[in-house]
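So the structure is just underneath, and the comments pick up after that.
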Amino acid sequence: MKKALYTLSIVILGFGQLTFGQDDNQKCIKCHGQTSYIAVSKDSTQHKKCLMSSERRIDTALYAKATHGKFSCTDCHDEGYTKVPHDGELKFTEMLNCMDCHGGNKKFKKYNFETIETEAKKSVHYANSKEFNCYKCHNPHTFKNTFTQNNSSSKASIDVCNEMCGSCHNNPDKLSLLTNKKLKPLSEAHAWLPESDHHMQNLRCTDCHGEINNNIASMHNILPASKAVRNCSECHSVNSRLTTTLYKFNSKNERKKYGFFNSAIMNNAYVIGATRNEYFNILSFLLFAGIIAMLLGHYILLKISRKKNKKDVK
Amino acid sequence: MSNKLFLYPSWIRIWHGINGLLCLMLIFTGISMQYSNVSSLLFQLKTAVKIHNICGITLALNYLFYFISNIASGNIRFYKINPLKDMPAVIKQIKYYSFGIFKGEKEPFEINEDRKFNPLQRYIYVKMMYFIIPLIIFTGIGLLIPDILINNVLGKGGFIVAIFTHTIIGFFISIFMIIHFYFAFLSKSLSSIITGWHKIGNHH
């Protein structure tokens, strides 16, 4: 009976400062934009104040700025939600999938959604959990595509990417929704890595944990930890894997931001050690030394022979 | 009869001067970048990268000016080579620099209004201006705009192929510069590219 009472339905609690645009969304946000709400029994006789779980809470300010921030809640959520308070059973209705809108749509061709889907389905996340979907990493209520924004810096994109991973891998409670495995905290798992803080702040997790893909945004095949990069020379070497991803992104982005000439001049993305090859360096020294020695020899011989020729003439 | 020949019009001298200075800057900054672990070598890495980028773009524009002016002014006639037909003359010139010069022999090819460069000079200049310099410019553009590079060149990333080609050619240009200076110094003809007047009997 009690259970039946709390088959949740909802009623307004607060009159918070809502920045939400759509009128329809206001109805939803009155509860989902708050930390608590009042649950009402089906016969409307009983009320109970409950906490709104963080999973179901919408940050209205972030939503307004998000890529999908102009949408009505029911554009993606079941039509049943148009009636508030809504029936708690609605949570069992099938959710709209990202590919339902983005898949096979010419308008979104440049984002490579099909490649992203294929890559993601190969990933360790899909292999380990049937519950896994795009939303587990990309919160559709706050999502902003940092890689296609003109003013985004690579550091900002790195932070956004890594927050996604951290939202589960630094949060055992959220992680337990997908797996029963107990994973080590990130700091402990990366303790073997020299300068681990530097690496984790200045690289995307996917730079080491993802399968290299030439398009930075399409890198969605997250590999099992056993296949992650552990070899320093994969990045700190001639054919660095970073040159295929972050370097290209940086350069492309700076061009958008500063224009071609400025970005070319301001381009700081010189890949240190890209041609750092011991044999190459030795060879270049030998080449320079050889040429200078040869010319010096030529000049000395010339001086000597000219003196000799003068003497002979005399 | 005048013992002076006017060989280098002002546009060539201006282009040559700018090109030379830019090449020197590119070589110094390039060396600073290549051996950036050698402490305080010529330039700091960040400064070297910036100067290298600016000079590289300017050099590319200067090359474009040369390319167009060379055709428009007709100066390109001095750059015509026939690799097979010219080879005996090129070898003759090499033999002169390797042996004849020590014996006090006369230069095998006199410089005149129709032959501004000796056969070896002409051969090297053509290769430099129509092969080596464009290649370093194109690879340089590729490194500035890496997303235009081909992703896979014979199993290697296009970036790596471009950066190695760029660096190796950089070394060759450095060697060319050293030799170029040496022969200019040897034939006491450094002043002719500044004044435009070539003293007959002085070649490099």
Side-chain angles (χ1 to χ4, degrees), chain A residues 212-216 237-255 260-277 280-281 283-288 290-292 294-296 298-299 301-310 312-313, chain B residues 29-31 33-38 45-46 48-58 60 97-99 101-105 140-141 143-149 151-152 155-168 170-172 174-179 181-183 185-186:
Chain A
I212 281 279
N213 187 310
N214 211 31
N215 182 323
I216 197 162
S237 70
V238 175
N239 205 356
S240 170
R241 53 191 275 139
L242 290 177
T243 58
T244 355
T245 56
L246 271 182
Y247 179 78
K248 274 190 185 177
F249 168 69
N250 250 343
S251 156
K252 209 172 174 177
N253 229 24
E254 283 191 357
R255 258 193 341 267
F260 175 76
F261 278 104
N262 286 338
S263 76
I265 291 164
M266 309 287 283
N267 185 350
N268 276 323
Y270 174 71
V271 184
I272 300 171
T275 55
R276 187 70 53 78
N277 177 308
F280 194 58
N281 280 0
L283 212 67
S284 68
F285 272 124
L286 287 177
L287 209 62
F288 277 121
I291 287 290
I292 290 169
M294 217 174 80
L295 294 180
L296 212 64
H298 191 269
Y299 186 66
L301 271 177
L302 195 66
K303 280 271 163 194
I304 296 169
S305 63
R306 275 183 181 164
K307 259 187 190 174
K308 201 180 155 231
N309 290 343
K310 264 185 192 173
D312 290 349
V313 170
Chain B
T29 49
I31 288 174
M33 283 146 78
Q34 175 68 19
Y35 307 106
S36 53
N37 55 342
V38 183
L45 179 73
K46 265 197 164 181
V49 173
K50 281 212 171 85
I51 299 176
H52 200 81
N53 291 343
I54 296 168
C55 290
I57 294 167
T58 320
Y97 283 134
S98 314
F99 309 106
I101 196 169
F102 301 118
K103 294 177 194 160
E105 284 176 9
I141 292 171
L143 296 173
L144 280 178
I145 322 167
D147 38 303
I148 62 166
L149 291 172
N151 291 323
N152 197 320
K156 289 275 176 195
F159 189 87
I160 285 315
V161 174
I163 206 164
F164 266 101
T165 314
H166 193 79
T167 316
I168 290 168
F171 284 134
F172 275 113
S174 312
I175 288 165
F176 168 81
M177 291 286 279
I178 298 170
I179 298 174
F181 265 120
Y182 176 70
F183 280 101
F185 161 77
L186 206 63

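Predicted, not measured: the structure shown is a model, and the values here were computed from it. In what follows, chains are A, B, ... by sequence order, proteins preceding strands, each numbered from 1.
- Heavy atoms of B:Ile51 lying under 4.5 Å from chain A are absent altogether.
- Here the closest heavy-atom approach between residue B:Thr29 and residue B:Ala48 is recorded as CB-O, 3.6 Å.
- Remark: B:Thr58 OG1 to B:Asn53 CG distance equals 10.0 Å, nearest 0.5 Å.
- Here A:Leu302 is the residue among A:Leu287, A:Leu302, A:Ile291 with the most heavy-atom pairs under 4.5 Å with chain B.
- B:Tyr97 and B:Phe102 make their closest contact through O-CE1, 4.0 Å (heavy atoms, listed as atom of the first residue, atom of the second, distance).
- Per-residue counts of heavy-atom pairs under 4.5 Å with chain B were compared for A:His298, A:Met294, A:Lys303; the largest is that of A:His298.
- Dense packing is recorded around OH of B:Tyr182, with more than 12 heavy atoms of other residues, nucleotides or ligands lying under 6.0 Å away.
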